[in-house]
J.: 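Structure incoming, see below.
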Amino acid sequence: MDKRPIGVMDSGLGGLSVLRVLRDELPQESLTFVGDQGHFPYGTKSQATIRQLSLAIGRFLVKHEAKLMVIACNTATGAALPTLQKELPIPVIGVIKPGAAAALANPVDTVGVIGTVSTIKNGAYVKALHELQPGVTVVSQPAQALVSIVEHGQTGTSAAQTAVNQALAVFDTRPVQVLILGCTHFPFLSAEIRQKMGPDVRLVDPAFETVQEVKKLLTTQQLAAPIDNPDRRIALYSTGQQADLKRGADQWLAGQYDSCQQIDLIEE
Ligand code: DGL
């Protein structure tokens with residue numbers, strides 16, 4: 001049994017969409033989350049910069065005794081997963097392969113992917129989908145503007161719906177059966193995305209399949225915490241303004257966390 005925390009990272013609030021599934025599905029596990037809001041957004045940065053930032057967070061999590069790391073960020077997964085797996089002394093899981101697998105879990109010919117500029121340019125989803133099903137048609141669409149809407153607390157507004165309608169207009173002429181929410185900020189806009197895409201398109205939040213991967217790893221590597229772990233703790237850190245992460249966590253985690261602090265990774 002291993003009571004050390006699972007480390008989780010994102011560029012900002014999006015990672016909370018993965019953290020909430022980890023919290024619900026693994027109630028005995030401690031979770032340590034870093035939102036790199038001091039460097040938000042990742043989606044418009046170079047692959048090298050994203051790798052460097054992700055590695056700094058990975059090292060912070062290792063120093064804070066994480067037993068495994070979940071990159072709760074598609075952009076960082078696309079740019080940095082192999083680097084982190086090589087450089088860190090703990091197992092590292094990303095969200096892209098699980099997201100692709102979840103999209104293809106039922107028979108499907110046409111898959112849409114929305115993500116940051118970096119994720120779409122990087123082509124990691126297209127690659128993962130084609131590895132699993134070579135003939136599948138993939139319609140990829142960058143939707144960077146939607147990231148800021150979530151980060152700045154504007155979900156549920158008419159401006160959010162307008163932005164979603166604009167960003168997803170490509171699917172009017174190129175319809176898809178499944179849409180991967182390929183940015184961890186986007187599940188927080190699922191009402192607006194559902195409204196735009198209609199009831200027949202299956203929306204895939206990669207968080208659920210990612211957490212299944214985490215569960216498997218905890219079992220195979222004997223890293224699971226004891227059931228009813230009395231020391232279970234959810235600790236949140238922001239490299240930006242603590243108040244911004246706290247606002248997001250109060251909303252998206254319904255206030256269910258133990259601490260929320262600001263950190264400066266340079267001084268760590
Ligand atoms: N939430 C992130 C993702 O899953 C990145 C958003 C950003 O910082 O641009 O890609």
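Every number for a ligand or one of its atoms is a count from 1 in the order of the listing. Residue numbers count from 1 along this sequence.
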J.: Check whether Gln177 reaches the backbone of Val108 with its side chain - one donor and one acceptor, N or O, closer than 3.5 Å.
T.: no
J.: Does an N or O anywhere in Thr116 fall below 3.5 Å from an N or O of ligand 1?
T.: no
J.: For Glu29, which of Arg4, Lys67, Lys3, Arg233 qualifies under salt bridge (charged side-chain N to carboxylate O under 4.0 Å, His left out)?
T.: Lys67
J.: Ring centres of Tyr257 and Phe33 under 6.0 Å apart?
T.: no
J.: Hey, does Tyr42 come in under 3.5 Å of ligand 1, counting only N/O atoms on both sides?
T.: yes
J.: Taking all atoms of both residues into account, what is the closest heavy-atom pair of Ile90 and Ala66, and its distance?
T.: CG2-O, 3.5 Å
J.: Is any N or O atom of Gly43, backbone or side chain, closer than 3.5 Å to an N or O atom of ligand 1?
T.: yes
J.: Using a 4.0 Å cut-off to any heavy atom of Asp10, which atoms of ligand 1 qualify?
T.: 1 (N), 2 (C)
J.: Say whether Ser238 and Gln37, considering side chains only, have a donor N or O and an acceptor N or O under 3.5 Å apart.
T.: yes
J.: Among protein heavy atoms, which sits nearest to atom 1 (N) of ligand 1, and what does the distance come to when rounded to 0.1 Å?
T.: His185 ND1, 2.8 Å
J.: Of the backbone atoms (N, CA, C, O) and the side-chain heavy atoms from C-beta on, which set of Val95 has a member under 4.0 Å from an atom of ligand 1: side chain, backbone, both, or neither?
T.: neither
J.: Mind checking whether Thr75 contacts ligand 1 via backbone (N, CA, C, O), side chain (CB onward), both or neither, at a 4.0 Å heavy-atom cut-off?
T.: both
J.: So does Asp250 pair up with Lys246, basic N to acidic O under 4.0 Å?
T.: yes
J.: For atom CG of Asp172, is the number of surrounding heavy atoms from other residues, nucleotides or ligands below 6.0 Å larger than 12?
T.: yes
J.: May I ask whether Glu151 has any heavy atom positioned less than 4.0 angstrom from an atom of ligand 1?
T.: no
J.: Tell me the contacting part of Ser11 for ligand 1: side chain, backbone, both, or neither, using a 4.0 Å heavy-atom threshold, strictly below.
T.: side chain
J.: I'd like to know if the side chain of Thr75 pairs up with that of Thr116 as donor and acceptor (distance under 3.5 Å, no hydrogens or angles considered).
T.: yes
J.: Looking only at heavy atoms of Gly12, does any of them come nearer than 4.0 Å to an atom of ligand 1?
T.: no
J.: With atom 3 (C) of ligand 1 as the reference point, say which of Asn74, Thr119, Val117, Val147 has the nearest heavy atom.
T.: Asn74
